[in-house]
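Remarks on the structure that follows.
For the single chain, residues carry numbers from 1 onward in sequence order.
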Amino acid sequence: MGKTSVLIVGTGFGGVGTAIELKRAGFDEFTILESADEPGGVWRENTYPGAGCDIPSPLYSFSYEPNPDWPKRFSLQPDIHSYLKRVVRRYGLEPHIRFGTRVTSASFDEERGLWRVETAGGETFEATVFVPAVGQLSRPVQPDIPGQDTFEGPSFHSARWDHDVDLRGKKVAVIGTGASAIQFVPEVQRQAGELTVFQRTAPYIMAKRDTHYRRWQQRLFRHLPATQLLGRLRIFLLAEYATYAMTKHPFLAKVFELRTAQLRRRHIKDRALREKLTPDYPLGCKRILFTNDYLPALARHNVAVETRHISAITPSGVLTEDGVEHEADVIVYGTGFAATDFLGELKVEGLGGRALSDAWKGGARAYLGMTVPGFPNLFCVYGPNTNLGAGSIIYMIERQARYIRQAVEHLSRPEVSYMDVVPEVEQRYDEEVQRRLGRSVWTTCVSWYRQENGRVSTNWPGLVTEYDRRTKTLDLGDYRTAGPR
């Protein structure tokens, strides 16, 4: 049985960022449990063609670990994954990581003030602090469509891309038009003989102002880091403006809406197709997508966009509600992730054996997106209401890691066994967050930001600078502290 003071689950940006914060503060008593055989999180798992980030790399990276060698402004999956692995090596995290270790459950022992964590391999770990850093976009959603099991060709979710399937000259059906689909559809279009894209709702598309960095620019970033920092600041301010537009003054979003309309007119000459690709909801309600080649791909001769509802999957294709069967040799599901299903299948029990799943009935909630009453010494990373409509989640992760480090320092005192957020504190916080979200654009349509009951459990309602301020100092008055027994 392993013993450690802190157990972190996951080696994506959240888990790695938390570990680095602890190590930089001189705290070395932590272990990271990772189910895979290398670090990377979503940037390890998502290897579909064209996979990349829609946040510019100077901002989508740790502030204390800038990378002057990004090959382009919007980096692709292999470069982001390489960056994360390099950071793990640079900060000496490998000895702390247990690869091939999938966590299945965690329960809090009040008598001993410890979390008891069980793995699929039968191991048990005990820790003072438990930090699930499994993210919001790590569990693929497979739609419940009748007849899926009858399809005779290859089919797979984009997050589990089957690279052994040759798409050249094939009839390919893509179900879904979210953030992953707009990246892989152009790649599939170049290979497929025929491509049918099944769209439920049209996304808002913005141009991606991408560029390849030249060698002289990379040398400049390396020798004059302030030049890269200025680029990071510019992106940061643009993201804050976009957030302000979506949460405070939606009329400001009209500027972005007009630009998306111009982009459609530029690339889609066919009026009927352009009508299909025009969103019927306010900009920002669903995720805004950045791409330069998705719309041109849809205009190609071998592509059809189908907006009729899918009624079934047949052995040879996709059947729509009008009775038409669209033949397919391969089906790719670009149907997103269970963003509101926090912690996935991980079973967590707190004080009195209460299940976290019961505490989160009706929608996940946590004080500052990290901690839940009745679950002492548990701190989620990228938890409820910490996602962003614009900007880099890495910024939020760094603030959460800073807060967790302060909690770990407090819990290191011999007179402290555990700390549990006061229910009234969490209640006031949650009511404030939901009230503010109720005035945002995210409540105006159905999206992965919302629960079925309408609750927005993913997004942060303000600017990231506000989150920075509110998490800067751990306020012990927000917690009930227990001593050793």
For the residue pair Y204 and Y281, is the inter-centroid distance of their aromatic rings smaller than 6.0 Å? yes

Check this for me: does any side-chain nitrogen of one of R455 and E431 sit under 4.0 Å from a carboxylate oxygen of the other? no

Please name all residues satisfying side-chain hydrogen bond (donor to acceptor under 3.5 Å, both in side chains) with T443, sequence neighbours left out, ordered by chain then number. none

Check R354 with E349, please: is the shortest side-chain N to carboxylate O separation under 4.0 Å? no

Applying side-chain hydrogen bond (donor to acceptor under 3.5 Å, both in side chains), name anything that partners Q217, two or more places apart in sequence or on another chain. none

Determine, stepwise, if the pair E21 / F27 fulfils side-chain contact (heavy atoms from CB on, under 4.5 Å). CA-CA 9 Å; E21 177 71 21; F27 192 88; over 6 Å; no

Does this structure show an ion pair linking R98 with E123, if we count only N-O contacts that are shorter than 4.0 Å? yes

Contacts of type side-chain hydrogen bond (donor to acceptor under 3.5 Å, both in side chains), residue Q406, not counting sequence neighbours: none

Above 12 or not: heavy atoms from other molecules or residues under 6.0 Å from CZ of R470? yes

Please list all pairs meeting salt bridge (charged side-chain N to carboxylate O under 4.0 Å, His left out) that have one or both residues in residues 365-391, counting only residues at least two apart or in different chains. R365-E426, R365-D430

CG on L22 to CZ on R402, rounded to 0.5 Å: 14.0 Å

Residues pairing under salt bridge (charged side-chain N to carboxylate O under 4.0 Å, His left out) where one sits in residues 30-39, two or more places apart or in two chains, turn out to be E34-R44, E38-K85

Tell me whether the rings of Y479 and Y403 are parallel (<30°), tilted (30 to 60°) or perpendicular (>60°). tilted

Is it the case that the ring center of Y395 lies less than 6.0 angstrom away from the ring center of F236? yes

Can you run down the side chain to side chain donor-acceptor pair (under 3.5 Å) pairs that involve residues 99-109, sequence neighbours left out, and say none if there aren't any? none

Do other residues, nucleotides or ligands put more than 12 heavy atoms under 6.0 Å from the CZ atom of R259? no

Using every non-hydrogen atom in the two residues, find where A390 and A239 come nearest and quote the distance to one decimal. CB-O, 3.6 Å

Geometric class of the Y83/W70 ring pair [parallel <30°, tilted 30-60°, perpendicular >60°]: tilted

Lys/Arg N to Asp/Glu carboxylate O, D210 vs K72, below 4.0 Å: yes

